[in-house]
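Indexing begins at 1, ligand by ligand and atom by atom, following the structure's order.
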Amino acid sequence: MLPTRHGVFRIVGYRAADGIELVSLSQGIEDDGRHSPAPLVRLHSECLTGDALGSRRCDCGEQLDAALALIAGHGEGVLVYVRGHEGRGIGLVEKLRAYRLQDQGLDTVDANLRLGHPADARDYGQAAGILRDLGIERIRLVSSNPAKEQALALLGVQVVERVGGAVPARPENARYLLTKRQRMRHDDPREAHQARGLQRLIDTGALADFPEPMDRYSWLGAHASWVIAQSAQSLDGFLATRRGDGAALSGAADHRQLHRLRALSDAVVVGAQTVVNDDPLLTVRLVEGTNPVRVVLDPNGRIPLTAKVLTSPDAPTLWLTGPDAPAAAGQVEQVRLGPGPWSPQNVLRVLRERGLDRVLVEGGGRTVSTFLTAGALDRLYLTTVPVLLGDGVPGVRVRAVDSVADAVRWPTRRFSLGDDVCTEFTLR
Ligand SMILES: [Zn+2]
């Protein structure tokens, strides 16, 4: 097993007859052949400068990252890391000589030819052998290179579809991943994908600290689309003190619960004020799982361009802004909506158009309250912390009622998160 920043992969080593050692990294591919009929496969050609040293002369490193993220997001697929493919098969030092010729004005093909090499000297026989070893005969090839598809066909590997393709330069990466998530979903039975997301939490022990784990999460795994919210507040109803200090309000168990919900979601939604106050990363860190797309609701363009959701490469970000907001820099998809306030239904429509069907509304209090009172939530997980703050940033608020009888009594369940109590409201 190989834990990576994209998730845990099974790694298998191979030694070819010519002494070259290759590896495959896979998820969801078992020896018994019980994978989908044509899993995602990336044949990644070794590139020391791009993969390991961060070279900007090529996009190999980003293609490698994107392919692993794609496979992890899908929960199934193989990346064969093909050693011996440096410089399209001419070797590392020859590649550096070609770089020198390129610096003198030759393009990459002519540079190879000048050095007496073919434009592309790569052979895929070993990679095809590895796929056979894994019991894979038909694939969806993660590549933009039609030549790879033709080479594989000659080796008996049927490419039913080419997906992904060119990973554009860095600023486009997030957009690409976002689109691919949508695309993947299109190709994959949703139930299977979600069951795997839940299975991953079970397998990695992320549900072990709950007495009735499946009962708490089975409905999230069983439905193709939902909108939930999670919020933690003091017993007197505040998310944070008057000075905005709320980071350490709830305990470790509540934080893990939040990360589990993120890992089960396609998208995590926060309001601009939360980004301004807390500058959150919004990634899955306390359990094993795939990062959701980060969605920021920012009708007035208030969040700083230095915010982590706009600058950290850990997950794609969808920035919903009004018409007058500054343009996004870096790897962010910006969608300009009309002037705010926006209805939750409008926001959810934008997300659904991108295949983001399982949505966690994470904060702050005003955003959660807006989704709640608009009837846009299926469930609310409201954690109460046994502490009194006196005053501060309001937590979840609903329209006031005049008599207790007018208050809606939703079905609820309660469970302990350390000293905190989480109440689950079934709203729909
Ligand atoms: Zn490269």
Side-chain angles (χ1 to χ4, degrees), residues 2 4-6 9 11 13-14 16 18-26 40-72 77-128 130-131 139 141-152 159 162-177 180 313-314 330-331:
L2 188 73
T4 74
R5 64 173 172 275
H6 305 289
F9 289 82
I11 182 166
Y14 296 86
D18 56 9
I20 289 180
E21 294 177 321
L22 304 84
V23 294
S24 68
L25 273 73
S26 66
L40 288 170
V41 171
R42 164 92 187 154
L43 305 182
H44 188 81
S45 294
E46 172 180 27
C47 174
L48 178 80
T49 48
D51 295 341
L53 303 179
S55 164
R56 294 271 194 247
R57 284 196 85 112
C58 59
D59 61 359
C60 299
E62 270 147 335
Q63 292 214 29
L64 178 60
D65 276 343
L68 290 173
L70 181 68
I71 290 166
V78 182
L79 180 136
V80 179
Y81 193 86
V82 190
R83 308 277 312 283
H85 270 190
E86 271 290 354
R88 297 203 206 92
I90 66 175
L92 177 59
V93 172
E94 288 300 290
K95 179 176 83 171
L96 301 184
R97 294 179 68 201
Y99 281 172
R100 185 169 58 189
L101 291 176
Q102 290 167 30
D103 289 341
Q104 292 163 6
L106 272 65
D107 72 18
T108 142
V109 171
D110 284 340
N112 272 25
L113 297 175
R114 175 79 63 87
L115 291 167
H117 300 298
D120 192 338
R122 286 176 292 186
D123 175 84
Y124 294 96
Q126 294 165 350
I130 289 174
L131 294 180
I139 66 172
L141 182 65
V142 183
S143 174
S144 61
N145 185 354
K148 267 191 199 175
E149 181 175 341
Q150 288 152 15
L152 284 170
V159 177
R162 262 192 293 126
V163 299
V167 180
R170 194 167 195 73
E172 301 303 325
N173 243 354
R175 177 76 183 255
Y176 162 81
L177 285 174
K180 285 314 141 195
D314 305 272
Q331 48 168 6

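With waters neither drawn nor counted, the protein N/O/S atoms under 2.8 Å from the Zn ion (ligand 1) amount to 3.
The backbone N or O of G91 lies less than 3.5 Å from no partner atom in the side chain of H85, so there is not a single donor-acceptor pair. Panel note: side chain Q126, backbone V82; no donor-acceptor pair is recorded below 3.5 Å.
Across H44 and D51, no two heavy atoms sit closer than the pair NE2-OD1, 3.0 Å. The shortest non-hydrogen separation linking K95 to C47 is NZ-SG, 3.4 Å.
In the model, R42 has a side-chain atom that pairs as donor or acceptor with a side-chain atom of Q63 under 3.5 Å.
Rounded to the nearest 0.5 Å, atoms CG (L115) and CZ (R100) are 9.0 Å apart.
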